[in-house]
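Reviewing the structure listed below.
This one's a predicted model, so the numbers in the text were calculated from it and none came from an experiment. The analysis underlying the following values was restricted to heavy atoms, covering all of them including side chains, and did not include hydrogens, waters or symmetry mates.
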Amino acid sequence: MTDHLLFTKHEGVAELVMNRPKVRNAMSLDMRQAMFDAIGEIEQDPEIRCVVLKGAGGHFMAGGDVKGFADFKEMTAKERAIYFEHRVAALQPMLLALQRMPKPVIASVEGGAVGAGMSFMMACDLAIAADNAFFKFSYAAIGASPDGSGSYYLPRLVGLRKAMEISLMPEIIKAEAAKDLGLVNWVVPTKDLLEQTKTLAQRLANGPTTGYGCIKELMYASHANSLPMQLSLEAKNWGRCAATQDWLEGITSFTEKRQPQYKGY
């Protein structure tokens, strides 16, 4: 594991910290590989029931390492096309795992979430932002198009017309405006972000993990499914939930008028 990504686990919560503060956590190839490996491990670890993605040093992530892109200027146009197509495609399994894993993923955003940083923030299930956070979908500013699943999530979160505006004419979006657009769920004072993130993550880590996974599947599938397909998936997932100990605990605690004690299975 590179020190470009810090990976810790505590009380059911996995924390991934992008750790290149001198360059606002711009994604290096080492960071990308470490994140790929960590997310694969998290997905398979039943002890982890919630994930937090954040950045070190006062910023979330400044996107790709644009200064490093200059190293490819000497390639031919065809060579650059092939190289970057493969480089961007290599992100796909990690992004699919984020959506697929049956555990909530929280983006905790302080400072800038720019370019791929904004894409990664949107790929999380929930987002909590400090009041000093800002966002910029800056791909067009370097003559590029979105990656990191940003083109998938942005129009779903803000609508097609607004997504076009944000993409074609990238400007800084401050925290409260991002909340109004639906890009983030909560905005909190910067000094409270760490504690509020911990509280949110622990609440989710103590919840019915299978139920959360079924909810994620239903919400993401609804974009593409017909009504009959979605109704079928609802029935299937209700059955999956009803087979768990957490479902039994939820029903029992409801009838006994007490708080449920979920175990994640």
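Placement of F7 and M31 within a single hydrophobic cluster is found when ILVMFWY residues are connected by side-chain heavy-atom separations under 4.5 Å, directly or transitively. Linking Ile, Leu, Val, Met, Phe, Trp and Tyr whenever their side-chain heavy atoms come within less than 4.5 Å puts M61 and L98 in one cluster. In the hydrophobic clustering of ILVMFWY residues, with side-chain heavy atoms under 4.5 Å counting as a link, M18 and F36 come out together. Cluster annotation: L95 is connected to L157 through the hydrophobic network of ILVMFWY side chains, with a link wherever side-chain heavy atoms come within less than 4.5 Å. Taking hydrophobic clusters as Ile, Leu, Val, Met, Phe, Trp and Tyr residues chained together by side-chain heavy-atom distances below 4.5 Å, L200 does not share a cluster with V187.
Heavy-atom contacts from other residues, nucleotides or ligands closer than 6.0 Å to CZ of R161 number 12 or fewer. The environment of CD in E256 is crowded: more than 12 heavy-atom neighbours from other residues, nucleotides or ligands sit within 6.0 Å. Around atom CZ of R24, no more than 12 heavy atoms belonging to other residues, nucleotides or ligands sit under 6.0 Å away. Within 6.0 Å of CE in M75 there are more than 12 heavy atoms belonging to other residues, nucleotides or ligands.
A salt bridge does not link K136 with E171: none of the charged nitrogens is closer than 4.0 Å to a carboxylate oxygen. Between K263 and D246, no side-chain nitrogen of the basic residue sits less than 4.0 Å from a carboxylate oxygen of the acidic one, so the salt-bridge criterion is not met. Checked for salt-bridge contact, K9 and D45 meet the test: a charged N lies under 4.0 Å from a carboxylate O. Residues E217 and K236 are not paired through a salt bridge, judged by the lack of any N-O separation under 4.0 Å between the basic side chain and the carboxylate. Between K179 and E176, none of the side-chain N atoms (NZ, or NE/NH1/NH2) sits under 4.0 Å from a carboxylate O, so this pair counts as no salt bridge.
Contact record, A127 with L183: CB-O, 4.1 Å, taken as the closest heavy-atom pair. Residues V114 and S138 approach most closely at CG1-OG, 3.2 Å, considering heavy atoms. The shortest heavy-atom contact between A129 and F135 is CB-CZ, 4.3 Å. Smallest separation of non-hydrogen atoms from A140 and L168: CB-O, 4.3 Å. The two residues V109 and L193 come nearest to each other via the heavy atoms O-CD2, 3.6 Å. Across every non-hydrogen atom of F60 and G117, the tightest pair is CE2-O, 3.3 Å.
Within the 3.5 Å criterion, the main-chain N or O of G55 finds no donor-acceptor partner in the side chain of E110. Between the side chain of D147 and the backbone N or O of A116 there is no donor-acceptor pair closer than 3.5 Å. With N206 contributing its side chain and Q202 its backbone, the two residues share a donor-acceptor pair below 3.5 Å. Although no hydrogens or angles enter the test, the distance criterion places no donor-acceptor pair under 3.5 Å between the side chain of S167 and the main chain of M164. Listed for the K103 side chain is a donor-acceptor partner under 3.5 Å among the backbone atoms of I48. In this structure, N185 contributes its side chain and L126 its backbone to no donor-acceptor pair below 3.5 Å. In this structure, the side chain of E79 engages the main chain of T76 through a donor-acceptor pair within 3.5 Å. A donor-acceptor pair is defined here as one N or O able to donate and one able to accept, closer than 3.5 Å; such a pair exists between the side chain of N25 and the backbone of R20. At least one donor-acceptor pair closer than 3.5 Å links the side chain of K216 to the backbone N or O of M101.
Within the model, atoms CD1 of I215 and SG of C241 stand 7.0 Å from one another, a figure rounded to the nearest 0.5 Å. Between atom CG of residue D131 and atom NZ of residue K174 there is a gap of 11.5 Å, rounded to the nearest 0.5 Å. Between the NE2 atom of H10 and the CD atom of E47 there is a distance of 13.5 Å, given to the nearest 0.5 Å. Rounded to the nearest 0.5 Å, atoms CE (M35) and NE2 (H4) are 12.0 Å apart. If you take SG on C124 and OH on Y153, they are separated by 9.0 Å, rounding to the nearest 0.5 Å. Considering CE of M121 and CG of L53, their distance stands at 10.5 Å, rounded to 0.5 Å.
Between M94 and F120, some side-chain heavy-atom pair lies under the 4.5 Å cut-off. L218 places a side-chain heavy atom less than 4.5 Å from the side chain of N237. Looking at heavy atoms from C-beta onward, T197 lies in side-chain contact with V52 at the 4.5 angstrom threshold. In this structure, the side chains of E195 and D192 stay at 4.5 Å or more apart for every pair of heavy atoms.
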| request: Would you sort out whether D125 and I106 count as a side-chain contact (heavy atoms from CB on, under 4.5 Å), showing the intermediate values? | output: CA-CA 6 Å; D125 303 311; I106 304 166; over 6 Å; no
| Given K198 and E15, is the salt bridge (charged side-chain N to carboxylate O under 4.0 Å, His left out) satisfied, shown in steps? | CA-CA 10 Å; K198 286 182 177 179; E15 187 174 84; over 6 Å; no
| said: Would Y262 and E249 count as a side-chain contact (heavy atoms from CB on, under 4.5 Å) here? Give the steps. | reply: CA-CA 7 Å; Y262 293 121; E249 169 62 10; 4.3 Å; yes
| task | Kindly determine whether Y220 and N225 satisfy side-chain hydrogen bond (donor to acceptor under 3.5 Å, both in side chains), including the steps that lead there. | result | CA-CA 9 Å; Y220 290 123; N225 277 352; over 6 Å; no
| said: Run R49 and T209 through side-chain hydrogen bond (donor to acceptor under 3.5 Å, both in side chains) and show every step you take. | reply: CA-CA 6 Å; R49 296 166 62 187; T209 305; 3.0 Å; yes
| said: Set out, in order, the CA-CA distance, both residues' side-chain angles and the distance that settles side-chain contact (heavy atoms from CB on, under 4.5 Å) for L5 and M27, then state yes or no. | reply: CA-CA 10 Å; L5 184 78; M27 178 165 280; over 6 Å; no
| task | May I have the step-by-step check of side-chain contact (heavy atoms from CB on, under 4.5 Å) for I173 and I166, ending in yes or no? | result | CA-CA 9 Å; I173 303 169; I166 290 169; 4.0 Å; yes
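For F72 and F84, the ring centers sit closer than 6.0 Å to each other. Taking the six-membered ring for Trp, F137 and Y139 have ring centres closer than 6.0 Å.
Of the options L6, V105, I42, a side chain to side chain contact (heavy atoms under 4.5 Å, CB included) to L16 is made by I42 and by none of the others. A side chain to side chain donor-acceptor pair (under 3.5 Å) with Y83 is found for exactly one of R80, E85, R87, H86, namely R87.
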